[in-house]
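Before any comments, here is the structure.
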Number of protein chains: 2
Amino acid sequence: MSQSPKKSADQTVPTSTDVARLAGVSRATVSYVLNNTSAVRISEPTRRRVRAAAEELGYVPHAAARSLRAGHTRMVLLPTAHIPVGPLYGTFFNELHWALRDLDYTVVQYGSLGLTGDEAARAWAELRPVAVVSLGEITLNPRGVQLLKRSGAKAVVTLGAQRVEGAHSLVMDQREVGIAAAGHLLERGHRRIGAVVPEEPGLEIFSKPRLAGLRKAVTGTGATVEPLAMRYDEESAAALAARWRDLALDAVFAYNDEYAQLLMRALQDAGVDVPGHTAVMGADNLLMGKLLRPRLSTVQLELPPGQYLADLIDRLVRHPSEDVEDSGLMGAYAVPRESS
Amino acid sequence: MSQSPKKSADQTVPTSTDVARLAGVSRATVSYVLNNTSAVRISEPTRRRVRAAAEELGYVPHAAARSLRAGHTRMVLLPTAHIPVGPLYGTFFNELHWALRDLDYTVVQYGSLGLTGDEAARAWAELRPVAVVSLGEITLNPRGVQLLKRSGAKAVVTLGAQRVEGAHSLVMDQREVGIAAAGHLLERGHRRIGAVVPEEPGLEIFSKPRLAGLRKAVTGTGATVEPLAMRYDEESAAALAARWRDLALDAVFAYNDEYAQLLMRALQDAGVDVPGHTAVMGADNLLMGKLLRPRLSTVQLELPPGQYLADLIDRLVRHPSEDVEDSGLMGAYAVPRESS
DNA sequence: TTGAAAGCGCTACCAT
DNA sequence: ATGGTAGCGCTTTCAA
């Protein structure tokens, strides 16, 4: 063990009372000094004494006590169930973090693995966040939104496939991905389109709307869409590739670039020519796609800048009654390369 | 705007006092009922009345008030600066989450983007977490550890390359990765080994020790290690590949599988035979590596099970004085495939 | 310029 | 079986 137990005798956490005592002032003065309260003038020597005392004791204010007194927090809660993967969401997340921090909010990610919508909403409400940004992994229902608002959340924003009653919903409709993919494949003359649907749990919220978009774009064109269950492993891909000729497809939208790479390799190993026999299309436009041979056609997604969302949240927090328009915010367009 | 402003007239958050009033009991009784306090017997009819009142008001207890009263929290803080990428860390994270939740801890990820070690430690301490698990992205120094412990953190655990004084350090020495890679490459007879060092910020904490491990393993063998700066984009990889013959290397450890894929493609496009002219080795054993041609040799990392860490934290929380051995916990071994 | 004190919401001790 | 109440740490009004 690397800790030396010699100093840890004073196991008591220093409070502003301790600082006040050491500095020889009242708790009020301590609060004034450490918060730079401008409405009150404190002499410079006193300020120094207080700061020195705080420093010496290693005083850190108690956030819970502070927000209890204040009646509200500056916490923006970002519930996460699955860690979002990929540079797209990563970048968006980071941008949002920075922007919110600039606006003086405390950003907290709260793991909500395996909670139902109601349990999750309750757990979040206990923390009394001033805003909640749900990325659509968790099913936040109208009742949950109501609960959060009643618990003091000024802004409840959902980013996801569907609008949620009561919340401010930024609709990032993953169907756009399917629509963009279908548009491209149809344009290239493909008619029997397969659609990979990952079997891994947690991906339905992406895969289902992507498939739905594909179907929607295809209606009335005479083309067909065939869902193809597949896991993200070689065996599953090989099994799918083995029955490829029976499927009689001339194109496949592989859910995303990673599944596309996996399937394309399996198809090639099974002697299926890409794109001669079957076109393959991914999504997310990972760098990887350009490195494959043939180069992978994909769908590029565009998320709103994190700054935009941060500003929206800030506006909602300050003027909760304000009418802010919901809007469809995710763009998706095909990036044709060699595989289709 | 999708919210109807009709019901939001009562903007007041219900407290246990409101529940008590509605149920016609005291706040104490409300507390007893809602917390199932076993030390006190409450009649069944009363319980029902209280629960009904809580339900009707949409009462949610105030976590801050509760922990203020209790004098401690059950919060485990996981600071995050960069979102950890890759399935390895993702799985580890999820496991840890589940295990801690099972032990009745509240897991909170706290974004600490761009904070210095001292600022970060202070910000964390304000939340009075009972435990802090730093994944080594942030430089937590001994002073910070001290601050956290003084603020009531029973367990401060760091997972990273180096031990931190005062904290319980699980050393996950990334040098092992370099050592494993070098071992394999030397065994195959390579002598002039390149080492890709990503130029992207935030990766130094991995890349530096990996390089150091490579160097360490090579000392005394007569082989040499040549650092090669590279960004994760095609231009940078192509530029590196263009001067490949001048470098006169017979092997390269490419930091990880993704950089390896990128570089290998660039080398092939530049007419460099892999592995004939130059062996390429990645790390992290992504599925992708098996799909490349030649199949990518890599280094497999092994992290401790999340359950292990959760149990460790729980033990430290309950018996802070307990002597728990620090231990090197990351395993790394070469997975030879065709590219080397 | 500084201090005394109320009170945020909650739980747990002590009465009744 | 239930209620009264002190007090966790903090900020802020009001008084001095």
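Note on naming: letters A, B, ... go to the chains in the order of the sequence lines (proteins, then strands), and numbering restarts at 1 for each one. When reading the values below, keep in mind they use all heavy atoms of this one structure, side chains included, and skip hydrogens, waters and symmetry mates.
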(request) Among residues two or more places apart or on two chains, list those pairs meeting salt bridge (charged side-chain N to carboxylate O under 4.0 Å, His left out) that have a residue in residues 20-31 of chain A. (result) A:Asp18-A:Arg21
(request) Return the residues of residues 42-56 of chain A meeting this criterion: a heavy atom under 4.0 Å from some atom of DNA chain D. Order them by number, or give none. (result) none
(request) Name all residues meeting the side chain to side chain donor-acceptor pair (under 3.5 Å) criterion together with A:Asp118; count only those two or more places apart in sequence or in a different chain, and write none if there are none. (result) A:Asn141, A:Arg143
(message) Please report the interatomic distance NZ(B:Lys154) to CG(B:Leu316), rounded to the nearest 0.5 Å.
(response) 11.5 Å
(request) Apply side chain to side chain contact (heavy atoms under 4.5 Å, CB included) to A:Val107 and list each qualifying residue two or more places apart in sequence or on a separate chain. (result) A:Leu78, A:His97, A:Leu100
(request) Can you sort out the partners of B:Tyr110 under side chain to side chain donor-acceptor pair (under 3.5 Å), two or more places apart, ordered by chain and number? (result) none
(request) Describe, as an angle rounded to 10 degrees, how the axis at the first end of the helix from C:dT1-D:dA16 to C:dT16-D:dA1 is tilted relative to the axis at the last end, five pairs per end. (result) 50°
(request) At under 4.0 Å between heavy atoms, which parts of nucleotides 6-16 of chain C does protein reach? Answer with one letter per nucleotide, 5' to 3': B base, S sugar-phosphate only, - none. (result) BBBBBBBB---
(message) Check whether A:Ser134 reaches the backbone of A:Thr158 with its side chain - one donor and one acceptor, N or O, closer than 3.5 Å.
(response) no
(request) Output all residues satisfying salt bridge (charged side-chain N to carboxylate O under 4.0 Å, His left out) with A:Glu126, sequence neighbours left out; order by chain, then residue number. (result) A:Arg122
(request) Identify whether the distance between the nearest side-chain nitrogen and carboxylate oxygen of B:Asp311 and B:Arg315 falls below 4.0 Å. (result) no
(request) Using the heavy-atom set of chain A and a strict 4.0 Å cut-off, write down the first and last nucleotide of DNA chain D that makes it in, 5' to 3'. (result) D:dG9 to D:dT13
(request) State whether the side chain of B:Ser169 and the backbone N or O of B:Val171 hold a donor-acceptor pair below 3.5 Å, judged by distance alone. (result) no
(request) List for me each residue that meets side chain to side chain donor-acceptor pair (under 3.5 Å) alongside A:Ser26, sequence neighbours excluded, and say none if there are none. (result) A:Thr29
(request) Would you list the pairs meeting side chain to side chain donor-acceptor pair (under 3.5 Å) in which at least one residue belongs to residues 45-60 of chain B, sequence neighbours left out? (result) B:Ser43-B:Thr46
(request) Using side chain to side chain donor-acceptor pair (under 3.5 Å) as the criterion, list what pairs up with B:Arg41, not counting sequence neighbours. (result) none
